[in-house]
Amino acid sequence: MKIEIIDLKKRFKEEKYEILKSIKRVLKKGNLVLTPEVQRFEESISKFTGAKYCLGVNSGTDALMMSLWSSGITRGDEVITSPISFIASVSSIIHVGAKPVFVDVKDDLNINPDLVEAAITNKTKAIMPVHWTGRVCEMDKIMKIAKKHNLIVIEDAAQSMGSYYKNKHAGTFGEISAFSTHPLKNLNALGDGGFIITNEKKLFDKIKLYRNHGLKGRDNVEIIGVNSRLDSLHAEILSFRLKRLKKIILRRQKNINLYRKLINTTKISIIEDKKIEKNANVMFITLCEKRDQLQKYLKKFNIQSLIYYKTPLHLHKATKFLGYSKGDFPNAENITTKVLSFPHHQHLSRKEVEFVCKKINSFYN
Ligand SMILES: Cc1ncc(COP(=O)(O)O)c(C=O)c1O
């Protein structure tokens with residue numbers, strides 16, 4: 001028995017009938033780009049999240065880049081973000097010509113709002129909080145700082161579909177937010193995909209042009225854009241999967257509750273959810289002592305675990321030019337030596353979670 005971090009084969013088995021029906025429905029119509037299926041998906045995301053506008057694009061990375069670009073972030077600007085994230089949070093900032101400025105994280109793995117003000121300079125234009133693992137950052141504090149210093153807030157909500165903070169959906173706090181529908185996410189397409197949400201018509205209009213080469217109609221290029229459209233097939237599958245998302249989140253939560261109950265060692269800490277938040281747990285990341293040895297041990301029993309990530313963003317070869325060095329963000333650096341993600345997906349049986357917990361306990365005890 002192999003216990004994988006995510007099981008897309010089982011997902012297909014569970015959804016086979018509906019998925020194949022959706023594919024047939026789209027293919028029969030003979031149109032695959034920017035069709036009503038995409039608009040229907042965008043409308044259903046608006047309804048789900050409470051955002052006025054949504055635009056489907058072809059990845060979370062593009063969603064971030066277009067959010068920055070449409071917000072006017074450009075050469076010489078600084079954007080404050082977290083050193084714990086996927087490289088796309090930072091590369092998107094660099095691609096629009098701006099400079100990422102890191103602020104250390106708290107023990108919940110998210111940016112520490114109490115350290116943000118000290119990082120603001122006269123070049124700071126925006127804050128990009130990353131809702132890591134699905135836990136929404138402390139958005140009331142971040143929005144207060146942004147308002148005080150007249151900064152734009154662009155949420156990296158790639159991992160937070162279905163997450164809430166004080167009853168507001170992730171991505172609805174700042175001016176604009178980027179989501180990913182990569183296969184590893186809880187709302188996932190059949191390949192790469194993503195979407196942007198915003199309440200601002202101005203940003204919506206700009207991105208609508210930008211994602212499709214700046215074209216208005218077939219012949220008028222209003223701005224120089226890119227090709228970043230969400231394919232109709234993905235949109236149709238995502239609309240179907242969105243209807244099942246709440247149930248999937250509950251099934252994942254149930255597994256995490258079981259982990260909390262059965263892990264009987266103090267060598268692993270599982271971050272508590274606060275009452276004011278609802279974490280969709282797109283990833284289940286724990287902090288483990290002797291992390292690398294534990295990972296090797298679990299592998300012997302065919303249990304997959306993943307490290308997200310070993311290297312904080314300021315210590316990569318590619319980000320060296322930003323001028324940071326080891327010791328600059330002690331909390332992030334310490335956390336990255338401990339993070340380990342266990343399988344918690346919706347297709348796991350109780351027996352499988354029990355088996356993983358048994359092996360974790362036997363490693364430490
Ligand atoms: C926090 C974060 N930001 C951005 C991205 C980029 O999304 P995509 O892979 O869809 O381009 C990811 C993807 O994993 C992510 O986790």
Side-chain angles (χ1 to χ4, degrees), residues 5 79-91 93 100-120 127-139 141-142 145 156 158-160 163 256 259-260 263-274 277 279 281-299 304-344 356 360-361 363-365:
I5 213 87
V79 179
I80 292 173
T81 193
S82 163
I84 289 199
S85 186
F86 181 54
I87 189 65
S89 315
V90 161
S91 56
I93 298 170
V101 172
F102 296 114
V103 163
D104 209 354
V105 296
K106 287 177 67 159
D107 292 344
D108 66 359
L109 316 187
N110 278 341
I111 193 165
N112 186 343
D114 299 335
L115 303 178
V116 168
E117 275 195 292
I120 295 173
I127 307 174
M128 183 196 280
V130 181
H131 307 313
W132 193 237
T133 76
R135 171 169 288 107
V136 182
C137 297
E138 287 180 84
M139 289 311 293
K141 285 189 183 173
I142 291 171
I145 297 165
D156 182 340
Q159 293 187 12
S160 56
S163 292
I256 291 176
Y259 273 105
R260 283 188 199 278
I263 290 181
N264 66 8
T265 169
T266 52
K267 311 276 188 222
I268 291 188
S269 69
I270 304 174
I271 300 158
E272 291 294 331
D273 292 332
K274 295 192 202 105
E277 67 187 356
N279 182 351
N281 295 296
V282 172
M283 295 201 291
F284 174 45
I285 293 185
T286 62
L287 303 180
C288 306
E289 286 181 28
K290 295 198 218 151
R291 188 257 323 266
D292 294 348
Q293 293 99 306
L294 172 63
Q295 188 179 37
K296 263 191 211 143
Y297 179 78
L298 294 177
K299 201 173 167 203
Q304 191 187 14
S305 61
L306 287 179
I307 299 172
Y308 293 99
Y309 289 99
K310 257 187 188 154
T311 311
L313 293 173
H314 63 293
L315 296 180
H316 282 282
K317 185 177 160 197
T319 54
K320 213 171 174 181
F321 76 100
L322 295 170
Y324 292 106
S325 46
K326 213 166 177 185
D328 284 344
F329 306 106
N331 221 17
E333 289 167 29
N334 179 39
I335 281 167
T336 47
T337 64
K338 295 185 179 157
V339 282
L340 192 61
S341 179
F342 300 125
H344 77 299
V356 179
I360 292 171
N361 290 335
F363 172 76
Y364 287 111
N365 298 326

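Quick note: numbers below take in every heavy atom, side chains included, and nothing from hydrogens, waters or symmetry partners.
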| field | I335 side chain near L287 side chain, heavy-atom distance below 4.5 Å | value |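 Yes, close enough: below the 4.5 Å cut-off.
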| request: Might you work through the side-chain contact (heavy atoms from CB on, under 4.5 Å) test for K317 and T311, ending with a clear yes or no? | output: CA-CA 10 Å; K317 185 177 160 197; T311 311; over 6 Å; no
Under the side-chain contact (heavy atoms from CB on, under 4.5 Å) test, which residues partner [X], sequence neighbours left out?
X: I5; answer: Q304, L306, S341, P343
X: T286; answer: I268, I270, F284, C288, L340, F342
X: A318; answer: none
X: Y309; answer: F86, W132

State, to 0.1 Å, how close [X] and [Y] come at their nearest heavy-atom pair, and which atoms those are.
X: M128; Y: I93; result: CE-CG1, 3.8 Å
X: T319; Y: L315; result: OG1-N, 4.0 Å
X: V282; Y: S160; result: CG2-N, 4.3 Å
X: V105; Y: S82; result: CG1-OG, 3.4 Å
X: P100; Y: V90; result: CG-CG1, 3.8 Å
X: L313; Y: I87; result: CD2-CA, 3.8 Å

| query | Between D108 and K274, is a side-chain contact (heavy atoms from CB on, under 4.5 Å) present by the stated rule, with each step listed? | reply | CA-CA 10 Å; D108 66 359; K274 295 192 202 105; 4.3 Å; yes
Under 3.5 Å, is there a donor-acceptor pair between the side chain of [X] and the main chain of [Y]?
X: H344; Y: N281; value: yes
X: D104; Y: A332; value: yes
X: Y259; Y: V356; value: no

| Who passes salt bridge (charged side-chain N to carboxylate O under 4.0 Å, His left out) against E117, sequence neighbours left out? |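 Salt bridge (charged side-chain N to carboxylate O under 4.0 Å, His left out) check on E117 returns K148.
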| task | Evaluate side-chain contact (heavy atoms from CB on, under 4.5 Å) for I80 paired with I120, printing each intermediate quantity in order. | result | CA-CA 8 Å; I80 292 173; I120 295 173; 3.7 Å; yes
Spacing of [atom1] belonging to [X] relative to [atom2] belonging to [Y], to within rounding of 0.5 Å:
X: L322; Y: H316; atom1: CG; atom2: NE2; answer: 11.5 Å
X: K338; Y: D292; atom1: NZ; atom2: CG; answer: 13.0 Å
X: K267; Y: K290; atom1: NZ; atom2: NZ; answer: 7.0 Å
X: L109; Y: I271; atom1: CG; atom2: CD1; answer: 3.5 Å
X: I285; Y: S305; atom1: CD1; atom2: OG; answer: 11.5 Å

| request: Would you please name every residue forming a side chain to side chain donor-acceptor pair (under 3.5 Å) with S89, sequence neighbours left out? | output: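 For S89 the side chain to side chain donor-acceptor pair (under 3.5 Å) partners, ignoring immediate neighbours, are S85, D156.
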| query | For N361, which residues count as a side chain to side chain donor-acceptor pair (under 3.5 Å) partner, sequence neighbours excluded? | reply |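 Testing N361 for side chain to side chain donor-acceptor pair (under 3.5 Å), a comparison that skips the adjacent residues, returns N264.
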| query | Can you list every pair that meets side chain to side chain donor-acceptor pair (under 3.5 Å) and has a residue in residues 322-334, with sequence neighbours left out? | reply |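 As it turns out, the side chain to side chain donor-acceptor pair (under 3.5 Å) pairs with a partner in residues 322-334, which skip direct neighbours, are D107-N331, H314-E333.
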| Pairs satisfying salt bridge (charged side-chain N to carboxylate O under 4.0 Å, His left out), at least one member in residues 129-139, at least two apart |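 Sorted result for residues 129-139: K106-E138, R135-D273, R135-E277, E138-K141.
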| message | Applying ring pair (Phe, Tyr, Trp, His ring centres under 6.0 Å), can you list everything that pairs with F363, at least two apart in sequence or on another chain? | response |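 Ring pair (Phe, Tyr, Trp, His ring centres under 6.0 Å) check on F363 returns Y297.
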| query | Should I84 and F329 be marked as a side-chain contact (heavy atoms from CB on, under 4.5 Å) after you check the CA-CA gap, both sets of side-chain angles, and the distance that decides it? | reply | CA-CA 10 Å; I84 289 199; F329 306 106; over 6 Å; no
